[in-house]
Amino acid sequence: MALLSGLAAPAAQAAPTRPSCPPEPAPLSAERLAAQAKDRGLMWTLRRDGRTSYLYASLHVGRPTWAAPGPRLRQALDAVDAVALELDPLDRDAWKMPPMPELPLDASMRQRLDAQAAAVCADPQAFAAMHPLLQTSTYMLLRARLLGLDVRYGQEVLLSQWARDRGLPVLALETLQGQLEALLPADAEAARHELRSNLRQLERPKSLLRTLDAMVAVYDRGDLARLNRYTEWCDCVTDAADRAALQRINDGRNPALADRISELHQRGQSLLVAVGAMHMTGPQALQALLKARGFEVTLMPRSGTR
């Protein structure tokens with residue numbers, strides 16, 4: 001069920017190796033970027049303690065045209081004291097993999113997993129040390145290159161670089177260990193169920209690409225109502241176990257994320273916080289949890305709209 005969920009890790013940037021593979025998206029000139037920069041996604045102001053912070057819904061992949069911030073995001077970057085991300089993708093020390101639960105696979109499952117590596121022009125051995133669930137998440141991100149999408153143009157990578165360009169500190173809301181505990185079930189049978197679900201998505205590439213394209217379009221236009229109905233159209237939640245996994249990966253992390261944001265804001269810092277867009281959905285939506293922690297939460301309009 002993990003469509004574009006999981007870690008936006010540097011490993012997902014592995015390059016294709018054969019001529020038949022999707023090309024890497026080509027960067028655009030500064031002039032073209034400036035001409036095409038616009039507001040994307042969803043953004044809220046967070047007011048409390050006499051200060052304003054910002055909450056931005058991010059996406060793990062993006063297009064080269066996204067490599068310049070729109071007016072709303074640029075204004076926030078120029079106003080804050082720090083940028084806070086789930087994890088900083090440009091901080092190599094933060095990506096030192098801790099021990100992960102083992103997941104033995106039979107020959108059939110291993111063959112299916114290796115076939116998906118080949119489908120995205122990756123060497124299975126290059127990812128062999130990763131947990132199988134992280135491998136499937138990586139292959140989904142690489143598959144997105146067929147749509148001109150790449151993790152290097154995902155909002156986390158861009159925001160981390162934009163913060164550095166401005167001399168702003170980049171703060172982590174989570175640890176890699178904590179994310180892995182949420183993403184990887186300790187129970188082997190539950191993990192295999194999620195692996196089979198992910199493989200089914202990868203083995204239906206047309207459906208997967210349709211859903212990826214729809215997800216990016218929903219994100220790009222900031223359609224929160226459609227995002228809230230994700231399970232109805234993602235073709236990735238088919239049973240109770242899938243729903244439980246989605247709740248664990250998204251809703252289950254939100255209270256700790258809200259506590260961390262509240263703590264950092266209370267220290268006297270004005271923040272630009274970016275968290276995956278799916279964390280803004282459902283009864284445990286992050287913006288609702290922040291409101292419960294005393295923030296005045298207001299959805300911001302895009303530039304040129306009311």
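Summarising the geometry of R72 relative to G41, their closest heavy-atom pair is NH2-O, 3.3 Å, with the distance given to 0.1 Å. P64 and L33 get closest at one heavy-atom pair: O-CD2, 3.2 Å. Nearest approach of H265 to S53, heavy atoms of both residues: ND1-OG, 2.8 Å. For the pair R302 and G222, the tightest heavy-atom approach, listed with the atom from each and the gap, is NH2-N, 2.8 Å. Summarising the geometry of Q135 relative to M130, their closest heavy-atom pair is NE2-O, 3.0 Å, with the distance given to 0.1 Å. Annotation for Q201 and C236: closest pair OE1-CB, 3.4 Å, computed over non-hydrogen atoms.
The distance from atom CG of L85 to atom CG of D91, rounded to the nearest 0.5 Å, is 10.5 Å. The distance from the CG atom of L272 to the CG atom of L168 is 9.0 Å, given to the nearest 0.5 Å. The distance from the CG atom of L146 to the CG atom of L212 is 9.5 Å, given to the nearest 0.5 Å. Of the inter-residue distances, the one linking R226 atom CZ with R221 atom CZ reads 7.0 Å to the nearest 0.5 angstrom. Taking CZ of R192 as the start and CE of M109 as the end, the distance is 8.0 Å to the nearest 0.5 Å. Note that CG of D114 is 7.5 Å distant from CD of Q125, once rounded to the nearest 0.5 Å.
In terms of modelled atom types and a separation under 3.5 Å, the side chain of D213 and the main chain of L209 share no donor-acceptor contact. Using a distance-only test at 3.5 Å, with no hydrogens or angles considered, no donor-acceptor pair links the side chain of S262 to the main chain of A258. A donor-acceptor pair under 3.5 Å is absent between the side-chain atoms of D88 and the main chain of A172, judged by distance alone. Looking only at distances, a side-chain donor or acceptor of T138 sits under 3.5 Å from a matching main-chain atom of L134. The backbone N or O of P69 lies less than 3.5 Å from a partner atom in the side chain of R74, making a donor-acceptor pair. In this structure, R248 contributes its side chain and L183 its backbone to a donor-acceptor pair below 3.5 Å. Using a distance-only test at 3.5 Å, with no hydrogens or angles considered, no donor-acceptor pair links the side chain of T45 to the main chain of Y54. No donor-acceptor pair under 3.5 Å is formed between the side chain of R32 and the backbone N or O of T65. Remark: the backbone N or O of L289 is paired with a side-chain donor or acceptor of R293 at under 3.5 angstrom. Between the side chain of R48 and the backbone N or O of V297 there is no donor-acceptor pair closer than 3.5 Å.
Looking at M278 and M215, their side chains come closer than 4.5 Å, going by heavy atoms from C-beta outward. Residues H193 and D239 have side chains in contact (heavy-atom distance under 4.5 Å, counting atoms from C-beta outward). Contact of the V216 side chain with the L147 side chain is not registered, since no non-hydrogen atoms from C-beta on lie closer than 4.5 Å. Taking the side chain as every heavy atom from C-beta outward, M280 and L55 approach each other to under 4.5 Å. Side-chain contact check for F295 versus Q287: every heavy-atom pair is 4.5 Å or farther apart. A 4.5 Å side-chain heavy-atom check between Q36 and K38 finds every atom pair outside the cut-off. With a 4.5 Å cut-off on side-chain heavy atoms, Y56 and M300 do not count as touching. Considering only heavy atoms from C-beta on, P124 stays 4.5 Å or farther from L113 through its side chain.
Side-chain atoms of E194 and N198 include no donor-acceptor pair closer than 3.5 Å.
A salt bridge links R196 and E189; the closest N-O separation between the charged side-chain nitrogens and carboxylate oxygens is under 4.0 Å. For D235 and R204, the salt-bridge test passes: some basic side-chain N is under 4.0 Å from an acidic carboxylate O.
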Report task. Start with the C-alpha distance between R200 and S197, add both sets of side-chain angles, then the distance that settles side chain to side chain contact (heavy atoms under 4.5 Å, CB included), and finish with yes or no. Result -> CA-CA 5 Å; R200 280 196 298 270; S197 177; 3.8 Å; yes
**Report entry** Test log, rule side chain to side chain contact (heavy atoms under 4.5 Å, CB included), inputs L159 and L77
**Finding:** CA-CA 9 Å; L159 280 164; L77 282 163; 4.3 Å; yes
Query raised in the report: Where do T281 and N250 land on the side chain to side chain contact (heavy atoms under 4.5 Å, CB included) test, with the steps shown first?
Result: CA-CA 9 Å; T281 62; N250 289 292; 6.0 Å; no
**Report entry** W44 and L290: CA distance, side-chain angles, deciding distance, side chain to side chain contact (heavy atoms under 4.5 Å, CB included) verdict
**Finding:** CA-CA 11 Å; W44 292 261; L290 289 168; over 6 Å; no
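W162 is not connected to L28 by any chain of hydrophobic side-chain contacts under 4.5 Å among Ile, Leu, Val, Met, Phe, Trp and Tyr, and they are in different clusters.
Geometrically, R63 does not engage Y153 in a cation-pi contact defined by less than 6.0 Å to the ring centre and at most 45° from the axis.
Considering V83, V80, L171 in turn, L171 is the only one that fulfils the side-chain contact (heavy atoms from CB on, under 4.5 Å) rule with L271.
Other residues, nucleotides and ligands place more than 12 heavy atoms under 6.0 Å from the CD atom of E263. For CZ of R164, the number of neighbouring non-hydrogen atoms (other residues, nucleotides, ligands) closer than 6.0 Å is greater than 12.
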